[in-house]
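I have placed the structure first, in the form of structure tokens, so that the comments after it can refer back to it.
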Protein chains: 2
Amino acid sequence: MEFGGSRDRRRAATVAEIKSAARRLLVSGGTAAVGLRAVARELGLTPPALYRYFPSHEALIGALIADLYDELTAALMDLQTTDDEDVDLGARLYLLANGLRDWGLTHPAEFALLFGTAVPSPDAADHEETPGHQAAMRFGSVFKELVAQIWHWKPFPYPPDEVLGSELVAQLTQESEHFGGMPAGAIYLSLTYWTRLYGLICMEIFGQLHWVLPDAAAYFEAQLYEIGQALGLDCPAPE
Amino acid sequence: MEFGGSRDRRRAATVAEIKSAARRLLVSGGTAAVGLRAVARELGLTPPALYRYFPSHEALIGALIADLYDELTAALMDLQTTDDEDVDLGARLYLLANGLRDWGLTHPAEFALLFGTAVPSPDAADHEETPGHQAAMRFGSVFKELVAQIWHWKPFPYPPDEVLGSELVAQLTQESEHFGGMPAGAIYLSLTYWTRLYGLICMEIFGQLHWVLPDAAAYFEAQLYEIGQALGLDCPAPE
DNA sequence: ACCGTAGAGTGAACACCGTTAACAGTTAAC
DNA sequence: GTTAACTGTTAACGGTGTTCACTCTACGGT
């Protein structure tokens, strides 16, 4: 019943070393390079030894994914707080969007592991309890909560229920409690912001914009301005 | 120097059977299930036999990808022509967008192979000459050409160069010849349409919208209306 | 202080994978 | 009719994730 047992501490350290080695391989060789045997090789261990720490290769990858999500989440939250305390909320969202893009550009391998895998997962009852999924939810909350803050700070005009259609309004209203009680139209705009931002960053980082734009930075900037406007923000505002 | 040699015909048939088996495995078991040995097993052959038809497993996958792109391209072009000959061009774009989504929803495994892989490909000089890449270009042209047609048919209002910024305008202008001589602002709107459509469909099919919308059909419809408006179209127009 | 036991690590093995080489049978071409 | 090309085989290599039986070390309880 010892909590600070030196045995446990050693074990935690080894787990950290394993994930560290896995990430090293991920960065240097991409998703395919982070194999169980390769990780073991990196640590000077035999492959079966890793099974003392992770029940399977998939579990190891899952733990790595969860760590990366948490790191990304922390980085984005830092970005919001380290800046001036009472900075404009719209500017915060601008920082968040750019922060996500920057993280992806500077960590393409990690980004691909988090957002590129994209399993169709056709199984219906997939109440994903995996740590990776939970970390992804925490990551999503960062954006969701900021948008809700913005709404309560300076409510933006939103499309009336008539143009969205009753079906969509019903679905969006159902999610109202997760968005701080925002009306359907406002949730729709928030979702649009996220959808556009996410799609844009994925396309840029995964090189699906290369055929028309060798460098998508300027395009991203313009799009960011556009989607910010839809939320009543005029970032990057100045001058 | 025989063209209709029965040997060649037999060979072509075998190639077709191989790709057919590969696709069967893809549909039933996802991307990971279409292995070289599995394909051989499906045909009652030994694995090395496949090397008479494809130089590697990757080449087989590449050929499958090219076929799927061509199939998708053909399906989308059919969708435009089988309908009323002189149908409104805006409605054509609407059909195309919905056609792409429908194809993805009815062929999730194939869609994942085409659009989900998303290799970062950090190598600079990747003038991809692979058949898959060429087929992807042909696929992209379907959309690109229709948008150019729409522009010449009923030019839509576009943002002036000032709001886009000189950097972006320069990049877009460079691509003007590929867009039928459209001005930068119009290319920007076209690119926005594609970016939003592509991102939206990918997110829905890859299940990254499930956490807020269990069924994204209504949301897609609303978004489609919105992005069509940006191009001066009022689809789905009626009543 | 001792012993028992849980944990960490190993080596051998299994089943799978993509790929290569050397070989045999069939079939088309000159 | 002979030769050469084509199609397919078997055997093998190195790689993967994973399991099992085993050793050894070091902590915990008495």
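In the text below, chain A, chain B and the rest are named by the order of the sequence lines, each starting its count at 1.
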**Message:** Below the 4.0 Å mark, does C/dA28 have OP1 or OP2 next to a side-chain nitrogen or oxygen of B/S6?
**Reply:** yes
**Prompt:** Does the pair A/L197 and A/F220 meet the rule for a side-chain contact (heavy atoms from CB on, under 4.5 Å), with working shown?
**Reply:** CA-CA 9 Å; A/L197 176 66; A/F220 181 80; 3.9 Å; yes
Any N/O pairs under 3.5 Å between the protein and nucleotides 15-18 of chain C? List them or say none.
from	atom 1	to	atom 2	distance (Å)
C/dC17	OP1	B/R41	NH2	3.4
C/dC17	OP2	B/R41	NH2	2.6
C/dG18	OP1	B/L36	N	2.6
C/dG18	OP2	B/L36	N	3.1
C/dG18	OP2	B/R37	N	2.8
C/dG18	N7	B/R37	NH1	2.2
C/dG18	O6	B/R37	NH1	2.8

**Message:** Are B/F139 and B/F115, when compared by the centres of their aromatic rings, separated by less than 6.0 Å?
**Reply:** yes
**Asked** Could you give the CG-to-C1' distance, from B/D8 to C/dT27, as a whole number of Å?
**Response** 13 Å
**Request:** Scan side-chain atoms only and decide if A/Y51 and A/S56 contain a donor-acceptor pair under the 3.5 Å cut-off.
**Result:** no
**Asked** Rounded to the nearest Å, what distance is computed from the CZ atom of residue A/F54 to the P atom of nucleotide C/dA8?
**Response** 12 Å
Check residues 29-36 of chain A and write down every donor-acceptor pair under 3.5 Å in which the side-chain atom is one partner and the other belongs to a residue at least two apart or another chain.
none

**Message:** Using 0.5 Å steps for rounding, measure from the CG atom of A/N98 to the CD atom of A/E221.
**Reply:** 6.0 Å
Nucleotides 9-12 of chain C: which of its N/O atoms have a protein N/O under 3.5 Å away?
from	atom 1	to	atom 2	distance (Å)
C/dG9	OP2	A/Y53	OH	2.6
C/dG9	N7	A/R52	NE	3.1
C/dG9	O6	A/R52	NH2	2.3
C/dT10	OP2	A/T46	N	3.0
C/dT10	OP2	A/T46	OG1	2.7

**Asked** Have A/E226 and B/Y188 got a donor and an acceptor in their side chains that come within less than 3.5 Å?
**Response** yes
**Fill in**
Between CG of B/L43 and C1' of D/dT9 the distance, given in whole Å, is 16 Å
**Which atom of B/A218 lies closest to which atom of A/L168, heavy atoms considered** = CB-CB, 3.7 Å
**Message:** Tell me the interatomic distance from B/R7, atom CZ, to C/dA29, atom P, rounded to whole angstroms.
**Reply:** 10 Å
**Under-4.0 Å side-chain N/O to phosphate OP1/OP2 contact, B/R11 with D/dT7** = yes
**Asked** Can B/E167 and B/Q171 be counted as having a side-chain donor-acceptor contact under 3.5 angstrom?
**Response** yes
